[in-house]
**Q** 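If you scroll down you'll find the structure; I have some questions about it.
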Amino acid sequence: MNLDELYQEVILDHYKRPRGAGLRDPYEGESHQVNPTCGDEITLRVHVDGDKVADISYENVGCSISKASASVMYELINGVSVEEALAKTAEFTALMNSKGQGKADEESLEDAIAFEGVSKYPMRVKCALLGWMAFKDALVRAEAATPAGGND
Amino acid sequence: MNLDELYQEVILDHYKRPRGAGLRDPYEGESHQVNPTCGDEITLRVHVDGDKVADISYENVGCSISKASASVMYELINGVSVEEALAKTAEFTALMNSKGQGKADEESLEDAIAFEGVSKYPMRVKCALLGWMAFKDALVRAEAATPAGGND
Amino acid sequence: MEAVSKLDVEAVRADFPILRRMIGDKPLAYLDSAATSQRPVQVTEAMRRFTEHSNANISRSVHTLGAEATEAYEGARAKVADFIGARSADEVVFTKNSTEAINLVAYAFQNASVKPGADPRFVLRPGDEVVVTEMEHHANLIPWQQLCERTGAKLRWIGITDVGRLDLEQVDEVINEHTKVVSFVHVANLLGTVNPTSQIVARAREVGALVGLDSSQAVPHIPVDVTELGVDFIAFTGHKMLGPTGIGALWAKAELLDAMPPFQTGGSMIETVSMERTTFAKAPAKFEAGTPPIAEAVGLAAAVDYLDKLGMENVRAHEKELAGYMLRRLETVDGLTVIGPRVPIGRGATVSFDLADVHPHDVGQVLDADGIAVRVGHHCAKPTCVRFGVTATTRASGYVYTTTDEIDRLVAALEKVRKVFA
Amino acid sequence: MEAVSKLDVEAVRADFPILRRMIGDKPLAYLDSAATSQRPVQVTEAMRRFTEHSNANISRSVHTLGAEATEAYEGARAKVADFIGARSADEVVFTKNSTEAINLVAYAFQNASVKPGADPRFVLRPGDEVVVTEMEHHANLIPWQQLCERTGAKLRWIGITDVGRLDLEQVDEVINEHTKVVSFVHVANLLGTVNPTSQIVARAREVGALVGLDSSQAVPHIPVDVTELGVDFIAFTGHKMLGPTGIGALWAKAELLDAMPPFQTGGSMIETVSMERTTFAKAPAKFEAGTPPIAEAVGLAAAVDYLDKLGMENVRAHEKELAGYMLRRLETVDGLTVIGPRVPIGRGATVSFDLADVHPHDVGQVLDADGIAVRVGHHCAKPTCVRFGVTATTRASGYVYTTTDEIDRLVAALEKVRKVFA
Ligand SMILES: Cc1ncc(COP(=O)(O)O)c(C=O)c1O
Ligand SMILES: Cc1ncc(COP(=O)(O)O)c(C=O)c1O
């Protein structure tokens with residue numbers, strides 16, 4: 001096993017200095033996700049403004065991979081359109097499920113390409129996806145809470 | 001496997017012409033035994049007179065070993081004292097449980113020595129003992145049914 | 001005979017070390033595959049390799065062996081799911097055998113019936129009915145009997161015709177608006193009957209009952225596709241399909257697994273646990289409390305690979321021929337009566353018979369002296385025995401490695417039985 | 001260190017092929033035996049020999065393979081019974097794992113509680129209480145939680161002190177005249193604590209409650225004699241004691257097994273069966289529905305032979321030394337806090353710890369890169385985690401093949417962990 005491949009500088013940096021951490025108002029959807037095999041948890045809120053992800057805020061307990069992944073996600077999709085956020089979520093999820101076969105697109109995934117190596121470690125893929133699952137779930141809840149089309 | 005060792009003439013003879021078969025009156029104890037692995041059954045009655053086993057009568061469904069064993073038992077213990085009947089039962093049971101190591105005493109067990117070979121076949125030992133278990137059980141019931149010491 | 005089927009039986013036999021076993025001075029003729037099949041060296045080797053290379057507990061660790069073991073175990077699940085045409089690997093729950101798989105479903109009803117807010121499809125009350133058949137293995141009878149005893153529901157059953165088929169004329173009456181669940185045997189282990197399923201499944205749907213199959217004797221012998229069958233659950237078992245003991249499987253629709261309360265509880269089936277309260281993981285984990293049969297799953301996957309390589313259509317064709325040959329040859333034995341269908345249509349290569357009233361124990365014993373292994377007794381199907389007025393039968397059953405030569409040896413030895421007990 | 005104990009660890013290691021495995025370019029240091037032990041070649045070989053020579057279903061046939069398989073299976077039962085000091089082989093029920101053994105007992109209560117005429121010791125009503133401890137594995141917690149939920153009984157528990165021992169001061173209050181059953185962990189899998197049993201057993205007797213042990217981590221590691229323990233039942237599991245997966249055991253007093261209603265039902269556990277009604281065989285058959293893990297029983301017997309040959313007193317002595325060495329060495333690591341007893345008294349060679357708040361997943365991952373396999377997570381003991389204010393721990397656990405050299409490698413690698421996550 002090549003440790004450096006898994007624990008890249010970028011990952012350790014996001015782990016030690018998570019971007020956007022903390023729970024903030026306002027928000028329309030909140031999700032709580034648990035990884036039952038290790039007990040890791042995240043609570044994540046989404047504030048949608050128009051067709052934009054206006055804020056993602058979160059609090060989490062977990063390993064470096066799950067914490068760094070949430071931080072990278074924040075950087076990547078906070079402030080972009082809902083559509084783009086979902087596209088990036090799908091792209092990142094596919095990369096994680098590629099069993100080491102996927103090639104990350106730096107243009108699109110930016111810092112998240114550091115997780116390419118994680119996809120070789122099936123036991124860690126769940127860690128890397130926990131925050132993203134929370135985002136998807138919170139978004140669904142936000143959309144359910146907001147009258148369709150209306151945003152004022 | 002040596003078939004002749006298991007299916008001796010004596011056994012086949014008792015199987016084909018069982019001695020003492022049929023259910024008769026009077027009797028003080030009756031037992032019904034089932035071999036759950038093969039469904040073989042015996043109903044057996046004991047009539048005790050004084051300290052004597054005055055009659056053993058039975059009806060059974062089963063393989064040659066179980067039927068011959070009941071017939072041999074009838075010959076061996078019908079009409080003897082309760083004490084002797086129990087001693088022979090113990091002797092035969094020990095022989096059957098000897099895993100092919102026991103030596104049968106012809107003086108004491110008569111035709112029943114033909115079962116010596118059966119003790120090598122663990123799956124058949126239960127067949128050979130079914131009637132004897134019914135006898136022991138019926139005797140216990142007979143004694144429970146009869147006022148202690150009294151017999152008139 | 002073998003020329004017609006596409007199985008190269010001699011090549012198959014070479015994979016089964018036990019088939020070279022001698023019983024005394026006679027080569028073993030193993031005609032007891034309906035009780036348990038033999039294992040090819042591929043299965044034993046896969047398990048040994050796993051044990052000596054990757055053995056670890058699954059799901060809860062990040063070390064290399066743990067990851068390899070988890071992948072092997074989940075890979076086995078996916079393979080088994082694929083083998084029976086399941087939509088998703090998550091619809092396959094590993095159990096210890098078929099019996100546990102059926103008990104799991106029966107206990108889902110029992111536990112739902114005492115649980116406020118349980119899915120009404122699983123709640124049984126007096127007045128409700130459960131349907132089985134008269135040709136069940138005890139594994140698909142007693143769990144339902146017990147369930148009925150404990151909930152007040154009523155057990156009903158579809159009878160058997162004289163030729164050993166389900167009496168389908170009873171279906172519309174026995175399955176009715178009171179029926180909550182129908183669980184019936186796919187291929188009968190005593191009679192060898194392959195039951196037609198569509199009419200019973202259709203009737204169950206009509207009355208809104210759940211419907212499942214005891215496929216213990218089906219999955220090893222005929223192509224089984226759960227989607228095509230249109231049922232809600234099936235149970236089967238590793239040791240009858242070239243796999244190891246200690247593993248079986250329940251397949252059930254994902255949606256039903258979600259609705260069912262857990263059966264056994266403990267580690268690896270939880271979401272969160274406090275001293276006061278537990279919430280459960282999603283299926284299949286929800287139903288797999290404790291350390292599962294990990295090496296056994298690896299063995300079962302190897303067995304599935306083996307059967308896949310042979311091709312289940314070829315297995316079926318081989319056994320059809322074999323059944324025909326068995327029936328034809330057995331009927332030549334004086335005093336022999338087949339119990340079960342006497343034509344090789346809608347039946348497998350499992351044939352029960354009575355031989356001139358010689359007790360099956362004695363038949364089996366004499367055959368064993370010739371190296372021929374058959375099963376004797378009630379085959380865990382006492383009600384079937386009662387239906388045909390016998391306490392026990394002698395049963396010969398074949399599988400992928402069974403030859404017509406072994407059947408010939410059986411027939412010759414049966415003649416010897418008749419002589420000994422004439 | 002090893003010189004003092006009578007185990008020749010190098011000779012032992014030679015019997016375990018997996019210990020020669022390389023993880024990347026590092027030799028495997030397997031420190032995860034509390035999750036599952038490795039298997040010596042003697043176990044694998046015994047299973048292979050059985051499979052290739054005597055494989056058959058048990059109990060119901062007269063053919064040679066069937067007789068051999070039955071003798072092997074029942075012989076394994078006798079061997080296991082002897083190993084734990086049971087009075088009779090009939091007191092040992094084979095299950096698929098510990099978890100099933102405990103569920104079997106819990107379901108005896110559940111089923112007795114809805115059965116008219118059941119033995120009153122197994123009947124639970126609102127007002128009755130069930131007692132466990134705060135240091136249970138989920139396997140000995142959730143089945144009792146569920147049982148209480150279904151019967152209206154109340155679950156109570158004995159707490160843990162700050163040093164990781166049972167708080168015995170609570171015993172007299174928690175176990176009282178309402179208590180019907182006490183089931184507690186013998187050796188705790190997260191903390192490593194070896195619990196003293198006599199006070200709890202005595203108190204349970206005083207109030208007339210049944211009392212049993214989850215001995216999953218005890219039977220593999222310390223001499224266990226059920227008669228001396230004076231309990232009513234114990235549960236343990238094959239894969240943690242050098243045996244295969246797919247098999248575990250419940251030991252219970254014969255008289256209790258007789259009084260308990262069956263759990264799973266099906267073949268091989270009956271006396272007679274009709275469509276209407278079933279009567280059950282005597283224990284242990286009554287609790288072993290379906291085809292049991294036959295080859296696995298053979299493997300477990302070989303594991304018991306292996307442990308017997310080592311001598312359980314020697315195993316215990318080796319692990320006592322190992323525990324002392326682990327504790328001493330781990331305490332030298334900066335920022336490391338042991339969770340559980342910090343002295344090698346009343347504990348086994350299973351040590352959980354926190355390392356400078358680095359998440360156990362990361363600890364485990366870095367160790368794996370050095371070939372060191374430890375377990376990380378909640379170890380199926382979430383309430384224990386909560387008690388010590390952590391969501392997970394890193395756990396190193398040793399067994400008969402564990403060397404002090406492997407502990408040294410662990411300690412060195414932990415220093416590396418600190419560097420990566422400093
Ligand atoms: C204390 C304890 N109890 C019960 C179990 C469950 O054992 P199994 O998973 O074999 O059922 C374990 C092991 O995981 C354990 O450590
Ligand atoms: C039709 C049928 N159902 C169920 C079973 C039970 O299978 P197992 O003993 O593996 O649970 C069997 C085999 O004995 C069977 O033939």
Side-chain angles (χ1 to χ4, degrees), chain C residues 17-18 21 23 35-36 38-39 44 48 51-53 55-57 60-65 96-100 103 114 134 137-139 142-143 145-146 150 157 239 244-246 264-267 270 273-275 278 289-291 293-296 361 364-365 368 373 375-377 380 382-383, chain D residues 17-18 21 23 35-36 38-39 44 48 51-53 55-57 60-65 96-100 103 114 137-139 142-143 145-146 150 157 239 244-247 264-267 270 273-275 278 289-291 293-296 361 364-365 368 373 375-377 380 382-383:
Chain C
I18 204 169
R21 165 94 195 253
I23 304 294
T36 200
Q38 295 302 339
R39 332 259 168 270
T44 324
R48 193 192 54 70
T51 302
E52 299 189 348
H53 194 72
N55 179 60
N57 215 324
R60 282 162 306 189
S61 205
V62 295
H63 59 66
T64 301
L65 300 189
K96 74 172 168 187
N97 52 25
S98 265
T99 305
E100 188 188 7
N103 275 273
V114 295
E134 205 178 357
H137 187 282
H138 296 160
I142 313 180
Q145 251 181 14
Q146 292 284 305
R150 289 173 188 149
W157 54 89
H239 68 95
T245 48
Q264 302 193 41
T265 56
I270 58 108
V273 176
S274 67
M275 290 307 291
T278 296
T291 304
I294 305 171
E296 289 70 18
H361 259 190
Q365 193 81 54
D368 186 54
R375 188 130 298 227
V376 299
C380 297
K382 278 201 153 220
Chain D
I18 204 170
R21 165 93 194 253
I23 304 295
T36 199
Q38 295 302 339
R39 333 258 168 270
T44 323
R48 193 192 54 72
T51 302
E52 297 189 350
H53 193 73
N55 180 59
N57 215 325
R60 283 163 304 190
S61 204
V62 297
H63 61 66
T64 301
L65 300 188
K96 76 172 167 187
N97 52 24
S98 266
T99 304
E100 188 190 6
N103 276 274
V114 295
H137 186 282
H138 295 159
I142 312 178
Q145 250 180 17
Q146 292 284 305
R150 289 172 189 149
W157 54 88
H239 68 94
T245 48
I247 190 162
Q264 300 193 40
T265 56
I270 58 108
V273 176
S274 68
M275 289 308 291
T278 297
T291 303
I294 305 171
E296 289 70 20
H361 259 189
Q365 193 81 54
D368 186 54
R375 189 133 297 230
V376 299
C380 297
K382 279 203 151 217

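On a predicted model such as this, the values are computed, not experimentally measured, just so you know. Letters go in sequence order (proteins before strands), and every chain restarts at 1.
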**Q** Which one, D/K96, D/R48, D/Q145, leads in non-hydrogen pairs under 4.5 Å with chain C?
**A** D/Q145
**Q** Considering only heavy atoms and a distance below 4.5 Å, find which of D/Q264, D/H138, D/K382, D/E296 pairs most often with chain C.
**A** D/Q264
**Q** Considering only heavy atoms and a distance below 4.5 Å, find which of C/Q146, C/E134, C/E100 pairs most often with chain D.
**A**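 That would be C/E100.
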**Q** Sort out for me which of D/N55, D/V114, D/T278 touches chain C most, counting heavy-atom pairs under 4.5 Å.
**A**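 That would be D/N55.
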**Q** Indicate yes or no for a side-chain donor-acceptor contact from D/R21 to the backbone of C/H53 under 3.5 Å, with no hydrogens or angles considered.
**A**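 Yes; judged by distance alone, with no hydrogens or angles, the pair exists.
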**Q** Using a 3.5 Å distance criterion without hydrogens, assess whether the side chain of D/N97 forms a donor-acceptor pair with backbone atoms of D/I247.
**A**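 A pair under 3.5 Å: no.
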**Q** Does any heavy atom of chain D fall under 4.5 Å from the side chain of C/T51, the backbone, both, or neither of them?
**A** both
**Q** For the interface with chain C, which of D/P143, D/P244, D/G364 has the highest count of heavy-atom pairs at distances below 4.5 Å?
**A** D/P143
**Q** Would you kindly say whether D/H239 and C/T291 are connected by a side-chain donor-acceptor distance under 3.5 Å?
**A** yes
**Q** State, yes or no, whether a side-chain contact exists between D/L65 and C/I18 at a heavy-atom distance under 4.5 Å.
**A**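 They are in contact (side-chain heavy atoms under 4.5 Å apart), so the answer is yes.
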**Q** Report the distance from atom CG of C/D368 to atom OG1 of D/T64, rounding to the nearest 0.5 Å.
**A** 3.0 Å
**Q** C/T36 side chain to D/A56 main-chain N or O, any donor-acceptor pair under 3.5 Å?
**A**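 Absent.
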**Q** Select one option (side chain, backbone, both, neither) describing which atoms of C/Q38 are under 4.5 Å from chain D's heavy atoms.
**A**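 Backbone plus side chain of C/Q38, per the 4.5 Å heavy-atom cut-off to chain D.
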